[in-house]
Amino acid sequence: IPLSLRCQHEDNRSAMSRFWQLALFIAALATSPAAATERFVVFGDLQDSSPEGRERDAALIAQINDVTPAFSVFIGDIKGANTPCTDELYAAMREVFDRHTSPLIYTPGDNEWTDCWREPAGSFDPAERKQAVVSAFTAPGKSIGQQTLKLEQQDQQRENARWRWNDVVFATLNMPGSNNNLQQREDAIVEHQMRDALNEKWLDETMAAASDAAGLFLFIHANPKWDAVWWEPTGFDRFRDQLAKVAAAFDGQIVVAHGDTHIFKIDKPFAAAPQVTRVEVFGTPQRGAVIVDVDPGSSEVFRFSLLLLDR
């Protein structure tokens, strides 16, 4: 999928012109005669939790509904880092998510649980907040949304979900920003190690489930530091090492979608596995989504187009 696009918030008119030229180029690819016949949507990083912000979130979801995707995936961050992690905020966002007419699958971002220990975020216990968001935005054995989709879920981490559709295996992994919660606090280190081991097991099982699939599509929240070097350890090292092994053993297309750093990209940034495509979704202050058409009979399998909030 030889596409690369970077979109940053710039006032420079010529930069915006270049952005729209590239956006139209991607859209043209997606609507060409060879385009796929089935589609889903991925989006995330909606951090403006003001009433006006939630109204715009609802407007974005209305546009997603107009696309009639088979399902949508939200890859984390429902609020800003300095907004309190309250149950009331979670409930308000669940009301917005419930406007989805198609199934919606959610994976957590750092702002709604790992970072909630900070004073501006309310000095909450992150482990308790993780359970709160899992309870608020996932359901046993199925997605949320007005229509639901049956999901396989990890016993110890319900937010780790897997499903197969159109000869592609999809999976979510609870892998948030803030260095995957590998932080300078004992409770965070212990939590990171336990969850990271569960994620490794889930990805192993997902790879086994995808052995005969045309594609594998993974959803995480964090930008996993694709270009990290061995002498500077990160909270994503185990994931990247495992992904390189998965890619070496898999003949189909592999895509990893994430958010966290709010710069829309479609590229191949992982030197250890250059066949892996990365999709980074839009994030605040921009509101948008990535539409993914799936054609398992084509060599590309996945084709991408953009959906940007029009108001």
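Only this structure's heavy atoms are used, side chains among them; waters, hydrogens and symmetry mates stay out.
The CH2 atom of W163 sits 5.5 Å away from atom CZ of F71, with the distance rounded to the nearest 0.5 Å. The structure places CG of D125 at 7.0 Å from CG of D187, a figure rounded to the nearest 0.5 Å. A distance of 10.5 Å separates OG1 of T114 from NZ of K130, quoted to the nearest 0.5 Å.
When the side-chain hydrogen bond (donor to acceptor under 3.5 Å, both in side chains) test is applied to Q153, no partner is found at least two apart in sequence or on another chain. Applying the salt bridge (charged side-chain N to carboxylate O under 4.0 Å, His left out) criterion to K225, with sequence neighbours excluded, gives no partner residue. Partners of Y90 under the ring pair (Phe, Tyr, Trp, His ring centres under 6.0 Å) rule, at least two apart in sequence or in another chain, do not exist in this structure. Scanning for side-chain hydrogen bond (donor to acceptor under 3.5 Å, both in side chains) contacts around D237 gives T234, R240, with sequence neighbours left out. The salt bridge (charged side-chain N to carboxylate O under 4.0 Å, His left out) test applied to E200 returns R238, not counting sequence neighbours.
Considering F97, F219, F137 as possible partners of F74, the one that fulfils the ring pair (Phe, Tyr, Trp, His ring centres under 6.0 Å) test is F97. Tested against N111, the residues D260, D77, N82 include a single side-chain hydrogen bond (donor to acceptor under 3.5 Å, both in side chains) partner, D77.
E159 and N174 share a side-chain donor-acceptor pair at under 3.5 Å.
Note on L309: it clusters hydrophobically with V96, by side-chain heavy-atom contacts below 4.5 Å among ILVMFWY residues. By the criterion of side-chain heavy atoms lying less than 4.5 angstrom apart, applied directly or through intervening Ile, Leu, Val, Met, Phe, Trp or Tyr residues, L182 is not grouped with L198; the two fall into different hydrophobic clusters. Criterion: ILVMFWY side-chain heavy atoms under 4.5 Å apart, direct or through other members. Under it, V67 and L60 are part of a common hydrophobic cluster. W117 and V134 sit in two unconnected hydrophobic clusters of ILVMFWY residues. Membership requires side-chain heavy atoms under 4.5 Å apart, directly or through other members.
The existence of a salt bridge linking D155 and R158 is excluded, since no basic side-chain nitrogen approaches an acidic carboxylate oxygen closer than 4.0 Å. Using a 4.0 Å cut-off between charged nitrogen and carboxylate oxygen, R54 and E95 do not count as a salt-bridge pair. Salt-bridge check for D241 with K245: failed, with every basic side-chain N at 4.0 Å or more from each acidic carboxylate O. The pair D295-R39 fails the salt-bridge criterion, with no side-chain N (NZ, NE, NH1 or NH2) lying under 4.0 Å from an Asp/Glu carboxylate O.
The two atoms that bring H221 and H258 nearest to each other are O-CB, 3.7 Å, heavy atoms only. Minimum heavy-atom separation, S143 to L151: N-CD1, 3.6 Å.
Between F40 and W165, the angle of the ring planes goes over 60°, which puts this pair in the perpendicular group of the 30/60° scheme.
Using modelled atom types, one side-chain atom of E280 and one backbone atom of I263 make a donor-acceptor pair closer than 3.5 Å.
The hydrophobic cluster containing M207, built from Ile/Leu/Val/Met/Phe/Trp/Tyr side-chain heavy atoms closer than 4.5 Å, also comprises V169, L173, M175, W202, L203, L216, L218, I220, W226, F236, F239, L243, V246, F250, I254, V256, F270, V276.
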Can you check salt bridge (Lys or Arg N to Asp or Glu O under 4.0 Å) on D196 and K201, steps first, answer last? CA-CA 9 Å; D196 213 31; K201 181 181 179 183; over 6 Å; no

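Side-chain contact check for N180 versus R195: some heavy-atom pair is nearer than 4.5 Å.
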